[in-house]
K.L.:
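This is the structure I have questions about; it appears just below.
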Protein chains: 2
Amino acid sequence: MEKGMLVVVSGFSGAGKGTIMKRITEKYDNYALSISATTRSPREGEEEGKSYFFVSKARFEEMIDKDELVEYAKYVDNYYGTPRKFVEDCLNRGKDVILEIEIQGALKIKKKYPGSLLIFMTPPSAEELRSRLIGRNTEDEATVNKRLSRAIVESEGVEAYDYILVNADIDTCTEKLHNLIRASHDRVEAHLDLIEKIRKDLRRIEDATSNI
Amino acid sequence: MEKGMLVVVSGFSGAGKGTIMKRITEKYDNYALSISATTRSPREGEEEGKSYFFVSKARFEEMIDKDELVEYAKYVDNYYGTPRKFVEDCLNRGKDVILEIEIQGALKIKKKYPGSLLIFMTPPSAEELRSRLIGRNTEDEATVNKRLSRAIVESEGVEAYDYILVNADIDTCTEKLHNLIRASHDRVEAHLDLIEKIRKDLRRIEDATSNI
């Protein structure tokens, strides 16, 4: 069985990543969403073990020490990290595992797993981004502004990503994401073994022919 | 209008490139097939200005001198080249232009047009490749063997390609090629301008807010 692909989705806060992730896993069954561990408090409606694993700072630091995380980062005073076991189990079962993580973590993933796919999601404009953040209505203005400032910094490093997805429409963006991931299964690295085998076999055929 | 993408399709002789090219342009209207100029003799059924522009050696060398070719290469004693004007006209009209060329030319294209997409097409195995070459029945055994030898050399450099497409089935391969090209319109380079604009706008919003 072909091993799954590690797909990292990052993007501006308010880019609609959560909605797209939900949609793509509902529509196609080859995806598994990685669930992050975090030390931040749950927002309304967020469920333990579904949205996040909500853990204490002490437990998180234990996970770091025991190398139980693929990557972790600190963001606005809280830890966020990706538990290793779930990711590797899914990849081995042939699932494409999607991680929704910040850019710092994404770049660490790319180093550790060079075959991973980095996708950055953005709304069509800065104004759209601002109105989506305000529309969410769960945070005060200071937090919104902090996020806007953070966004400027956050997109630094995006040049190292593979694709940028402009989310102007949920359905279109979901299909594009699915296509990108399907296409990436044919990246050159994925088939170099086959080419090497064909070369060897061609040499064998050639030798056999010239010996007649 | 978004400029078209330059797509280079190479691959083993007998990989089925011609069939896939025909199929994709029949099915979708956003593609234009580049027509090569060559000094080799027409095969049965090949039409001037459709399969190739068949030109004399003298005329081909004049095209080289006048810089009328995007790339050219010599292969089995004949010249093959890509006339520049047709390619650039199509790209400017927003068409994705597909060039079916050898690996030597492909690597030159990638240097001149870094945004181009390189795709290498292969049959699923060396045996399959051999039987397809024999099945074509237009060439004698010596030529087939020459091609097999050439194939070994020809795949050298494939590491520089973007994708490898295994052509086990015409319809599947056509769809995969179409998806690869669609996906590549969202490669990070294509949207860096947008990200830069969003960064600038965010800075403007931030400045406006902090001045209140």
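So that the names make sense, note that chain A is the first sequence line, chain B the second, and so on, each numbered from 1.
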K.L.:
Hey, could you give me the CG/CD distance between Leu33(B) and Glu100(B), rounded to the nearest 0.5 Å?
P.N.:
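Atom-to-atom, Leu33(B):CG and Glu100(B):CD are 8.5 Å apart.
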K.L.:
Which region of Leu194(B), side chain (C-beta onward) or backbone (N, CA, C, O), has a non-hydrogen atom less than 4.5 Å from a non-hydrogen atom of chain A, or is it both or neither?
P.N.:
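Interface part for Leu194(B): side chain.
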K.L.:
What residue in His191(A), Glu189(A), Lys200(A) has the most heavy-atom pairs under 4.5 Å with chain B?
P.N.:
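Ranked by heavy-atom pairs under 4.5 Å with chain B, first place is His191(A).
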K.L.:
Check each atom of Glu128(A) against the heavy atoms of chain B and say whether the ones under 4.5 Å are side chain, backbone, both or neither.
P.N.:
neither
K.L.:
Using heavy-atom distances under 4.5 Å, tell me whether Ile152(A) contacts chain B through its side chain, its backbone, both, or neither.
P.N.:
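It is both, since atoms from each part get that close.
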K.L.:
Which heavy atom in Ala126(A) sits nearest to a heavy atom in Asp201(B), and how many Å separate them?
P.N.:
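That closest heavy-atom pairing would be CB-CB, 3.3 Å.
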K.L.:
Could you work out, with side chain to side chain contact (heavy atoms under 4.5 Å, CB included) as the rule, every residue matching Lys74(A), not counting sequence neighbours?
P.N.:
Tyr79(A)
K.L.:
Taking all atoms of both residues into account, what is the closest heavy-atom pair of Tyr163(A) and Ala183(B), and its distance?
P.N.:
CE2-O, 3.4 Å
K.L.:
In terms of heavy-atom proximity below 4.5 Å to chain A, should Ile195(B) be classed as side chain, backbone, both, or neither?
P.N.:
side chain
K.L.:
Run the salt-bridge test on Glu196(B) and Arg199(B) with the 4.0 Å N-O cut-off and return the result as yes or no.
P.N.:
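Yes, Glu196(B) and Arg199(B) are salt-bridged.
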K.L.:
Which residues in residues 102-125 of chain A have a heavy atom less than 4.5 Å from any heavy atom of chain B?
P.N.:
Phe120(A), Thr122(A), Pro123(A), Pro124(A), Ser125(A)
K.L.:
With a 4.5 angstrom heavy-atom cut-off, which part of Val153(B) approaches chain A: side chain, backbone, both or neither?
P.N.:
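It is neither, since no heavy atom gets under 4.5 Å.
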K.L.:
In terms of heavy-atom proximity below 4.5 Å to chain B, should Asp162(A) be classed as side chain, backbone, both, or neither?
P.N.:
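Backbone of Asp162(A) only, per the 4.5 Å heavy-atom cut-off to chain B.
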K.L.:
Measure the spacing between CD1 of Ile101(A) and OG of Ser34(A) and express it to the nearest 0.5 Å.
P.N.:
8.0 Å
K.L.:
Identify the heavy atoms of Ile20(A) and Ile170(A) that sit nearest to each other, and give their distance.
P.N.:
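What the structure gives for the nearest pair is CD1-O, 3.6 Å.
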K.L.:
Under the side chain to side chain contact (heavy atoms under 4.5 Å, CB included) test, which residues partner Lys95(B), sequence neighbours left out?
P.N.:
Ala32(B), Cys90(B), Arg93(B)
K.L.:
How far apart are the C-alpha atoms of Glu175(A) and Arg182(B), what are their side-chain angles, what is the distance that settles it, and do they pass the salt bridge (charged side-chain N to carboxylate O under 4.0 Å, His left out) test?
P.N.:
CA-CA 11 Å; Glu175(A) 280 318 290; Arg182(B) 297 314 308 153; over 6 Å; no
K.L.:
Under the side-chain hydrogen bond (donor to acceptor under 3.5 Å, both in side chains) test, which residues partner Tyr161(B), sequence neighbours left out?
P.N.:
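By the side-chain hydrogen bond (donor to acceptor under 3.5 Å, both in side chains) rule, Tyr161(B) matches Ser10(B).
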K.L.:
Given heavy-atom pairs under 4.5 angstrom as the criterion, report whether the side chain, backbone, both or neither of Leu180(A) touches chain B.
P.N.:
both
K.L.:
Let me know if Lys197(B) has heavy atoms under 4.5 Å from chain A in its side chain, its backbone, both or neither.
P.N.:
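Neither part.
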